[in-house]
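Just so it is clear, the values below take in all heavy atoms, side chains as well, and ignore hydrogens, waters and symmetry mates. In the text below, chain A, chain B and the rest are named by the order of the sequence lines, each starting its count at 1. Predicted model only: the values in this text are computed from it and were never measured.
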2 protein chains.
Amino acid sequence: MPLTADLTRTATELRIVLGQLVRRLRAENALPLHHVTVLSRLERVGPQTTSALAAAERMRPQSMAHTLGELGKEGLVDRRPDPIDRRQIIVALTDAGRELLTRERNRREGWLTQAIAEQLTADERQVLVRAVPLLRRLVDS
Amino acid sequence: MPLTADLTRTATELRIVLGQLVRRLRAENALPLHHVTVLSRLERVGPQTTSALAAAERMRPQSMAHTLGELGKEGLVDRRPDPIDRRQIIVALTDAGRELLTRERNRREGWLTQAIAEQLTADERQVLVRAVPLLRRLVDS
DNA sequence: TATTGTTATACTCTATAACTATA
DNA sequence: TATAGTTATAGAGTATAACAATA
């Protein structure tokens, strides 16, 4: 019984601090947060279909299509049909997208990286590193 | 040098999983997430001014006023001027708000609490418990 | 004049429903 | 018919600017 009570409290505190972190990240802005998310995934994993991107972000394909539409209009991604199955659209970073991502990373992700470096001790950073895959497991549950 | 690279990677992974968690929380919905946030703070801390609520959530007072307007229209919070300084508005939970919060907690926060209970070992839960105040420190930095 | 709060407006982010095109 | 994608629409969530009221 006290276990459950503690867990509920942890859940509440986690939810609250998540919201605050997202707002903080947005404030350290320049680019919309979901744009950076998609661009950086394309950089790490390479060209992807709309569906694959949506699944990776746990987002509806329609939402991802909308985001990709915005990125395409800005010339940051390039979309072309898969030559084999022309229903599928392969999304890839353009040079402009790659450049922007690099510049942007030095700002926004810069803030979070810097905060982790400056505000936490080495031991505390280890706690954070171990916590991230646990959060991922919660998302996937 | 490898330290900074690792930190950047941790920051990126953290940002990504944050977004996913927020979407998941929203999906386990019923109530808008920011409504729950404000209601549960009022329950924990008691009646508050608009400014105090905004500061606590690291949000603009205007945004908080907007949220409070919605909550007020739904009869979940009660707003009345401070008798001493009538510029200040004291916001308090109504009975309806308190009831709704209890019902809601059994759903949404229910999901997160349950996921923490079922998906994590006792040791892993401890990592999470220790990580939350670290995240808070990052927000405040 | 300074502080507290609100309203108007717009932008970010995501979802549902309805549609098109290819398989 | 099933699958991949998009468009239209709406709602959640937050910010900036302009304003009103009280101190």
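Rounded to a whole Å, the CG atom of B/Leu25 is 11 Å from the P atom of D/dG13. If you take CZ of B/Arg26 and P of C/dT16, they are 12 Å apart, rounded to a whole angstrom. In this structure, the CD atom of A/Glu70 is 12 Å from the P atom of C/dC11, given to the nearest Å. Atom C1' of nucleotide C/dT4 and atom CZ of B/Arg80 are separated by 19 Å, given to the nearest angstrom. Rounded to whole angstrom, the span from the NE2 atom of A/His35 across to the C1' atom of C/dC11 amounts to 11 Å. For the pair A/Gln48 CD and D/dA4 P, the computed distance is 15 Å after rounding to whole Å. With rounding to whole Å, A/His34 atom NE2 is found 13 Å from D/dG13 atom C1'. Here D/dA12 presents its P atom at 21 Å from CG of A/Leu33, a figure rounded to the nearest Å.
Residue-level contact check: B/Thr49 touches the backbone only, with heavy atoms under 4.0 Å from sugar-phosphate atoms and none from bases.
The shortest side-chain heavy-atom distance between B/Ile90 and B/Arg79 does not fall under the 4.5 Å cut-off.
The cluster map of Ile, Leu, Val, Met, Phe, Trp and Tyr, joined by side-chain heavy atoms under 4.5 Å apart, puts B/Ile89 and B/Met59 in different clusters.
Residue B/Arg130 qualifies as open at atom CZ: its count of foreign heavy atoms under 6.0 Å is 12 or below.
We find the CD-OG1 distance between A/Gln126 and A/Thr121 to be 10.0 Å, quoted to the nearest 0.5 Å.
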- request: Take B/Asp82 and B/Arg87 through the salt bridge (charged side-chain N to carboxylate O under 4.0 Å, His left out) test and state the conclusion after the steps.
  value: CA-CA 7 Å; B/Asp82 184 320; B/Arg87 289 174 307 181; over 6 Å; no

Sort me out a list of protein N/O and nucleotides 6-9 of chain D N/O pairs below 3.5 Å, or just none if empty.
| residue | atom | partner | partner atom | Å |
| --- | --- | --- | --- | --- |
| D/dT6 | OP1 | A/Arg79 | NH1 | 2.9 |
| D/dT6 | OP2 | A/Thr50 | OG1 | 3.3 |

Review item, nucleotides 19-23 of chain C N/O atoms under 3.5 Å of protein N/O:
| residue | atom | partner | partner atom | Å |
| --- | --- | --- | --- | --- |
| C/dA23 | OP1 | A/Arg86 | N | 3.0 |

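Salt bridge B/Asp6/A/Arg125: absent, no basic N to carboxylate O contact under 4.0 Å.
Closest to the side chain of A/Ser51, out of D/dA12, D/dA4, C/dT4, is D/dA4.
Between A/Arg60 and the phosphate of C/dT16, there is a side-chain N or O to OP1/OP2 separation shorter than 4.0 Å.
Between B/Leu138 and A/Trp111 the shortest heavy-atom distance is O-CZ2, 3.5 Å. Nearest heavy atom pair, residue A/Leu7 against residue B/Ala117, reads CD1-CB, 3.5 Å.
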Acceptor/donor pairs from residues 68-77 of chain B side chains to any protein atom, 3.5 angstrom cut, sequence neighbours excluded:
| residue | atom | partner | partner atom | Å |
| --- | --- | --- | --- | --- |
| B/Glu70 | OE1 | B/His35 | NE2 | 2.7 |

